[in-house]
Student: 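Once you've had a glance at the structure underneath, I'll fire off some questions.
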Amino acid sequence: MAEETGNQRYYRAPCPGCGAPVEFRSAQSTHAVCPYCQSTVVRQGETLARTGKMAELFDDFSPLQLFATGRIQDKPFTLIGRLQYTYPGGRWTEWIAALDDERTAILSEDNGAYVFALPFDLQRTPPPPVDLRVGATSAFAGQSYTVTSNEQVALTSAQGELPHLPDLGRPFAMVELRNDKGLVLSIDYGTAKPSAYLGRSVQLEDLQLSGLRDESAKDEKGRNFNCPNCGSPVTVNLEGSKSITCRSCNSIIDLSQGIGGELKHAAQDEPVRPLIALGTMGQLQGAQWQVVGFQHRMGVEPGDDEYFGWDEYLLYNKKRGFSFLVDAEDGWSMVKPTTGAPVMAESGSTATYLSKSYQQQYAYNAETTYVAGEFYWQVERGQKTFNRDFASGPALLSMERSANELTWSSGIKLDSGVVATAFKLDAKKDMFKRGDALPVSAASGMGCGTIILVIVVIIILLIILSTCSGRGGSSSGYRSSGGSYGGSSSGGGHK
């Protein structure tokens with residue numbers, strides 16, 4: 001039965017499973033999940049047919065909920081459905097947004113980051129997913145894109161009304177491509193004819209949302225279990241965490257399969273003490289952030305044997321998602337994964353993003369050597385990537401490549417005093433000072449061993465020169481590590 005309310009036309013029919021009313025607000029919706037009995041139904045003319053029963057939703061603590069309304073480019077939309085997916089690196093949610101012109105869009109939500117996308121005509125049959133390798137470029141509708149993710153995904157659960165409904169639990173390919181203009185192109189191979197959506201990053205506050213989830217409805221107590229290594233209690237505070245460390249024995253615990261059953265873990269020796277303690281709150285870039293994770297990483301330039309290290313703090317804000325505070329010997333910086341994919345010169349010497357050109361500073365192999373706290377990806381000690389760091393004045397750009405994902409991050413350098421003040425650690429301000437606050441010669445990246453070696457060589461040279469007056473002077477040089485401290489990493493796999 002069709003009904004009209006104001007300017008909006010609704011379709012309503014009884015659920016074939018329990019008889020409760022099931023509404024369709026969009027003409028594009030073909031499937032729905034009954035809110036009473038969780039039956040999945042499909043529209044067949046003026047009736048509904050039951051096709052199965054939907055699995056229970058996992059609580060992602062999203063501020064969004066069904067029937068929340070907002071505006072995009074001054075056009076209204078309503079959230080009418082959601083799909084929850086999992087993939088080896090984590091999980092994410094796609095909200096179905098009904099626009100006033102009977103189109104449906106997708107508001108994709110992944111760990112606090114949002115992309116608003118509309119259906120997109122590829123104008124040609126896309127290549128098989130196996131041909132879209134991570135890092136490769138491909139053109140669609142006259143635009144060039146870089147493949148940033150190619151994963152096997154599966155539908156975990158759904159809610160509301162939906163323009164399509166993949167088989168529950170059946171894996172299929174989902175390829176994500178991005179470009180230097182900040183566009184995100186997603187190709188869904190879950191149907192006989194692949195579908196595509198094109199969009200860009202959005203901030204929730206810019207969508208003028210109303211009808212959001214009541215904060216009081218959230219359970220903030222966290223989940224508890226005993227460490228599989230030492231038996232100490234461990235509390236998971238973030239619903240989407242895929243890894244956590246035990247505060248008692250420092251073991252890394254894999255949460256990718258949930259906290260029920262046998263938990264995989266890996267022991268860590270020689271713990272690293274963060275300068276900023278886990279759980280600390282800080283005010284940066286106009287937002288309140290909490291330190292939820294910490295990792296120490298080591299790097300080495302190809303062909304070199306001198307390693308350097310840096311620290312990364314994983315920061316979380318309810319509306320802005322995750323960012324990274326990077327503590328390196330050449331200074332502090334704050335970075336966040338980019339929505340688009342910069343264009344890098346074939347030589348790797350330059351990269352362009354959002355019409356700004358960046359110069360390469362460092363290229364190096366990186367390895368995670370210690371982690372603490374919670375992470376939204378499955379972190380492991382020994383994870384390896386190849387990184388390139390670029391800069392344009394205080395603006396930073398970083399590329400990190402692993403076997404299955406290419407991630408770009410962008411951000412800006414921060415004054416060490418600003419960081420100390422942000423986390424109310426002014427009493428330790430001297431401990432925050434880095435190479436950016438020293439003379440250039442002192443910030444070249446020389447380690448203590450290199451400095452001692454240089455002093456010894458100089459003393460020997462002076463002795464030789466003082467005893468060999470009739471001979472030509474000898475000289476000796478040295479090379480620093482090159483200062484490859486950037487480490488502006490996105491931190492790991494994510495959609």
Side-chain angles (χ1 to χ4, degrees), residues 111-113 237-238 240-241 243-245 271-299 308-338 361-362 366 368-377 379 383 385 387 389-391 393-400 407-437 443 484-492 494:
N111 297 302
N237 294 304
L238 302 176
S241 294
S243 298
I244 193 171
T245 57
V272 179
R273 185 180 296 275
L275 180 57
I276 307 173
L278 293 176
T280 304
M281 305 295 293
Q283 187 79 18
L284 283 170
Q285 298 181 351
Q288 184 83 354
W289 301 90
Q290 182 178 22
V291 178
V292 296
F294 167 84
Q295 58 179 346
H296 181 70
R297 308 183 75 188
M298 297 294 292
F308 50 89
W310 71 94
D311 296 331
E312 294 180 0
Y313 296 86
L314 179 61
L315 307 181
Y316 177 72
N317 174 274
K318 181 176 57 181
K319 290 189 175 180
R320 298 194 185 186
F322 293 95
S323 286
F324 295 86
L325 180 65
V326 183
D327 175 10
E329 289 193 32
D330 62 350
W332 292 82
S333 59
M334 188 168 176
V335 300
K336 186 180 181 68
T338 63
Q361 307 296 303
Y362 320 112
T368 299
T369 58
Y370 184 81
V371 299
E374 294 185 45
F375 301 86
Y376 63 84
W377 71 95
V379 67
Q383 282 181 335
T385 59
N387 296 10
D389 292 340
F390 302 82
L396 304 174
L397 193 64
S398 180
M399 182 209 78
E400 181 167 316
T407 304
W408 286 88
S409 301
S410 63
I412 192 168
K413 296 177 182 178
L414 297 176
D415 180 78
S416 60
V418 171
V419 178
T421 300
F423 291 95
K424 299 180 181 179
L425 295 171
D426 293 279
K428 298 182 178 180
K429 187 171 291 187
D430 288 345
M431 299 177 66
F432 283 77
K433 292 182 179 178
R434 298 293 178 261
D436 59 339
S484 300
Y485 307 122
S488 302
S489 154
S490 72
H494 60 277

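Worth saying up front: this structure is predicted, and the values here are computed from it rather than measured. For the single chain, residues carry numbers from 1 onward in sequence order.
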Student: Return the CG to CD distance between Asn387 and Glu400, rounded to the nearest 0.5 Å.
Tutor: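 Those atoms lie 4.5 Å apart.
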Student: Tell me which one of Phe322, Trp289, Tyr376 satisfies ring-ring contact (aromatic ring centres under 6.0 Å, His included) with Tyr316.
Tutor: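 Of Phe322, Trp289, Tyr376, ring-ring contact (aromatic ring centres under 6.0 Å, His included) with Tyr316 is met by Phe322 alone.
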Student: Using a 4.5 Å cut-off on heavy atoms from C-beta on, say whether the side chain of Val326 contacts that of Asp311.
Tutor: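 They are not in side-chain contact.
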Student: Give, for atom OG1 of Thr280 and atom CD of Gln290, the distance between the pair rounded to the nearest 0.5 Å.
Tutor: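 Answer rounded to 0.5 Å: 8.5 Å.
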Student: Check whether His296 reaches the backbone of Trp310 with its side chain - one donor and one acceptor, N or O, closer than 3.5 Å.
Tutor: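 Flag set: sc His296 to bb Trp310 pair under 3.5 Å.
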Student: With side chains defined as the heavy atoms from C-beta onward, is the minimum distance between Gln288 and Gln283 less than 4.5 Å?
Tutor: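 Contact flag for Gln288/Gln283 side chains = yes.
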Student: Look at the side chain of Thr245 and the backbone N and O of Gly373, then say whether any donor-acceptor pair between them is shorter than 3.5 Å.
Tutor: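 It does hold such a pair.
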Student: At what distance, to the nearest 0.5 angstrom, does NZ of Lys336 lie from CG of Leu315?
Tutor: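 The NZ atom of Lys336 sits 10.0 Å away from the CG atom of Leu315.
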Student: Could you grab the distance from atom CD of Glu312 to atom OG of Ser333, nearest 0.5 Å is fine?
Tutor: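 Atom-to-atom, Glu312:CD and Ser333:OG are 8.5 Å apart.
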Student: A side-chain contact here means heavy atoms from C-beta on lying under 4.5 Å apart; do Ser409 and Phe324 qualify?
Tutor: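 Counting from C-beta outward, Ser409 and Phe324 never come under 4.5 Å.
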Student: Taking C-beta and beyond as the side chain, do Trp332 and Val418 meet within less than 4.5 Å on heavy atoms?
Tutor: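 Result no, sub-4.5 Å side-chain heavy-atom pair not found.
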Student: Output side-chain donor-acceptor pairs under 3.5 Å for residues 422-429, partner residues at least two apart or in another chain, one line each.
Tutor:
| from | atom 1 | to | atom 2 | distance (Å) |
| --- | --- | --- | --- | --- |
| Asp426 | OD1 | Thr421 | OG1 | 2.7 |
| Asp426 | OD1 | Lys429 | NZ | 3.4 |

Student: Got a donor-acceptor contact below 3.5 angstrom from the Ser243 side chain to the Val379 backbone?
Tutor: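 Checked: pair present.
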Student: Identify the two heavy atoms, one from Ser398 and one from Asp389, that lie closest to each other, and give their separation to 0.1 Å.
Tutor: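 Smallest heavy-atom distance, with atoms named: OG-OD1, 2.9 Å.
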Student: What's the spacing between Met298 CE and Thr369 OG1 if we round to 0.5 Å?
Tutor: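 Spacing of CE (Met298) from OG1 (Thr369) equals 6.5 Å.
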Student: Between CZ of Arg434 and CG of Leu414, what distance do you get to the nearest 0.5 Å?
Tutor: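 Interatomic distance, Arg434 CZ to Leu414 CG, rounded to 0.5 Å: 12.5 Å.
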Student: Flag the pair Gln361 / Asp330 as yes when at least one side-chain heavy-atom distance between them is below 4.5 Å, and no otherwise.
Tutor: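 They are not in contact (no side-chain heavy atoms under 4.5 Å apart), so the answer is no.
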Student: Can you find a heavy atom in the side chain of Thr385 that is under 4.5 Å from one in the side chain of Thr407?
Tutor: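 With C-beta onward as the side chain, the pair stays apart.
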Student: Applying side chain to side chain contact (heavy atoms under 4.5 Å, CB included) to Val272 and Phe294, what does each step give before you reach the verdict?
Tutor: CA-CA 9 Å; Val272 179; Phe294 167 84; 3.9 Å; yes
Student: Does Tyr313 use its side chain to pair, donor to acceptor, with the backbone of Pro274 at less than 3.5 Å?
Tutor: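 It does not hold such a pair.
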